[in-house]
Amino acid sequence: MENESTNFTDPTPPGGALADALLHEHARLGTSDDEELISRILVRTVNKTNAAPVSPAAAHRMAVREWMQLGGAVAAVIALLLIALSMFNVRDGASSDTFHMTVKFVEAAEGDIQVASVDLPKPDQKPARPFQGQVLPQVVNGETVSSVTIEDQDFNLITYFEQSFKSPPAKATRIDSITIIAGRSTRDGDELIFEGNVIVTHHDFVLKTDSLRLVTASQKSGQVPSFIAEFAEISHLATNSKASARKVVFDTATSSLVAHGVVSLTGANGGHPEFDSASERLVFQGDTLKILPDKVEAYANPLPLEPR
Amino acid sequence: MNFQSQNIIPDANKGLKMYLRAVIAEENSALSGPAEEKDFETLVRENHRELLVYALALTKNPTTAKDIVQDSFVVAFQKRETFDVTRDFGTWMRGIVRNKWREWIRKNSRYQLSEDDLAIMDADIARWQGEKATGDSSAFDRLDQCLKRLPDNLRETIHSFYYEGRTGEEVSDVLGIAPAAVRKRLQRAREMLKDCVDRKIEAAAAELRNS
């Protein structure tokens with residue numbers, strides 16, 4: 001056992017060894033299922049024949065625009081990252097390599113507040129003018145609501161009050177566990193390259209691809225490990241959705257999986273939410289799936305240059 | 001596959017019945033349907049944690065135990081057509097886990113367990129699996145109850161060692177007792193917990209038989 005010296009291991013099997021194993025397992029997960037192990041098993045059994053369907057429809061328009069809204073602002077910003085990175089090949093002589101990575105974060109409550117949402121002005125919007133009317137603020141549920149009327153349109157301006165001093169650091173620990181199974185793995189500098197039937201298992205998702213690069217940033221550099229997969233299929237467990245994309249990036253700091261160049265997306269009920277694959281990306285984080293604007297890539301002119 | 005064989009399945013053997021349904025569903029359909037997949041997933045959910053305990057007791061290595069259980073389910077899925085439906089699914093899975101463990105021992109030159117000890121361990125796990133298959137409780141639920149009944153000094157030692165992840169030496173420092181006393185307390189607590197879990201499972205099984 002990991003926390004157990006030989007002296008404290010019950011030397012008399014089978015009863016002692018069994019009780020010891022039961023206690024270790026109970027301490028690890030209580031009475032809950034081991035979802036990570038279950039997803040690892042399912043991805044190699046029943047889900048193996050159910051690859052995420054690749055729809056011929058390459059571009060859709062998102063109907064539910066509210067998905068674009070970023071969820072509630074994350075008040076805590078990661079102040080200190082403790083990265084425990086371990087790597088080992090588990091089975092000698094096995095047909096595949098298994099890489100297990102554990103990332104441990106310590107988050108502090110203090111810090112900047114991340115931007116919750118960004119609304120870009122529409123082309124037909126008029127430039128803003130200073131308001132010259134009367135504002136009557138009211139306090140509602142601890143918030144100040146000021147009602148104003150401009151050109152027959154009512155607006156509510158809501159003001160939030162926050163403490164003007166920083167809260168003392170309150171640390172919380174988050175542990176991410178990621179398992180990568182691949183036909184083979186090679187090291188290239190700070191990167192580990194996995195090839196051939198690559199399966200990545202995280203408690204939020206299962207990802208399948210043929211090629212994956214893992215940036216194994218060290219604790220010294222302060223970087224967080226991340227991986228990049230090309231032409232990958234994602235099964236997101238919390239939202240029960242599946243997607244395939246040209247490029248998928250996982251950021252361990254935020255535990256978010258970002259899919260660019262999405263080819264297909266199947267929602268929880270088998271539906272196909274519409275979105276524009278050319279200009280939008282999918283972000284899987286925790287139990288949410290968001291569709292956000294993507295950076296537009298500029299491509300070179302494919303036509304041959306004319307001679308001058 | 002002899003479909004008549006389903007008649008001999010005892011009502012209590014929920015896991016086997018599910019698996020049988022899955023096998024029959026597969027035989028009735030040229031393609032693997034969603035029903036089969038769901039049933040196999042249910043079997044995985046029902047059995048994985050007891051099998052993990054079994055593999056952990058055999059290997060004493062959490063990572064290897066997980067790999068063995070995972071590989072065992074993969075083998076079971078691949079060989080599902082050869083599964084004898086008159087047998088218990090849990091028994092079949094324990095056999096696969098044992099074989100995987102023997103493979104691991106051969107490759108890694110680890111300690112060997114006597115066949116008698118292995119048989120006793122197997123019987124214990126079989127009871128725990130049966131508890132989960134026939135009722136709503138598992139060995140983990142029973143352990144929850146039994147932990148509350150431990151004497152305070154044993155419970156704090158168990159809590160510190162297993163649930164707070166301290167080494168035996170650290171527990172010794174924290175509790176202010178000799179390492180030998182920690183070792184003795186852990187051993188005693190494990191024996192009491194094992195007896196308690198077994199008694200509760202046996203009592204539940206007897207109640208089920210009487211009803």
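So you know, we letter chains A, B, ... as the sequences are listed, proteins then strands, and number each from 1.
You'll find the side chain of B:Lys194 stays beyond 4.5 Å of the side chain of A:Leu23, heavy atoms only. In this structure the side chain of B:Phe140 never reaches within 4.5 angstrom of the side chain of A:Leu29, judged on heavy atoms. Looking at A:Arg44 and B:Asp71, their side chains come closer than 4.5 Å, going by heavy atoms from C-beta outward. At a threshold of 4.5 Å between non-hydrogen side-chain atoms, the residues B:Lys66 and A:Asp34 count as touching. Side-chain atoms of B:Leu56 and A:Asp20, non-hydrogen and from C-beta on, never get closer than 4.5 Å to each other. Side-chain atoms of B:Glu46 and A:Asp33, non-hydrogen and from C-beta on, never get closer than 4.5 Å to each other.
Within the model, atoms CG of A:Leu18 and CG of B:Asp124 stand 5.5 Å from one another, a figure rounded to the nearest 0.5 Å. Going from atom NE2 of B:His48 over to atom CD of A:Glu35 covers 7.0 Å, rounded to the nearest 0.5 Å.
Within a 6.0 Å sphere centred on CG of A:Asn197, heavy atoms belonging to other residues, nucleotides or ligands number 12 at most.
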### Task
Apply the test side-chain contact (heavy atoms from CB on, under 4.5 Å) to residues A:Ile41 and B:Phe77: give CA-CA distance (whole Å), side-chain angles for both, the deciding distance (0.1 Å), then the verdict.
CA-CA 10 Å; A:Ile41 292 167; B:Phe77 188 76; over 6 Å; no
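Contact between A:Leu37 and B:Gln70 at its shortest, heavy atoms only, is CD1-CB, 3.9 Å. Across every non-hydrogen atom of A:Ala21 and B:Ala57, the tightest pair is CB-N, 3.6 Å. Between A:Ala17 and B:Met121, the shortest heavy-atom distance links the atoms CB-CE, 4.2 Å. In plain terms, the two heavy atoms of A:Gly16 and B:Arg190 that are nearest each other are O-CD, 3.8 Å.
By number of non-hydrogen pairs under 4.5 angstrom with chain A, the leading residue of B:Ile158, B:Val69, B:Val197, B:Ile125 is B:Ile125. Listed options B:Glu170, B:Arg45, B:Glu50 were ranked by heavy-atom pairs under 4.5 angstrom with chain A; first place goes to B:Arg45.
Proximity to chain A (any heavy atom under 4.5 Å) is shown, for B:Asp144, by both the backbone and the side chain. With a threshold of 4.5 angstrom between heavy atoms, A:Ser39 does not approach chain B through any atom at all.
Side chain to side chain, A:His26 and B:Tyr163 meet the donor-acceptor criterion of an N or O pair below 3.5 Å.
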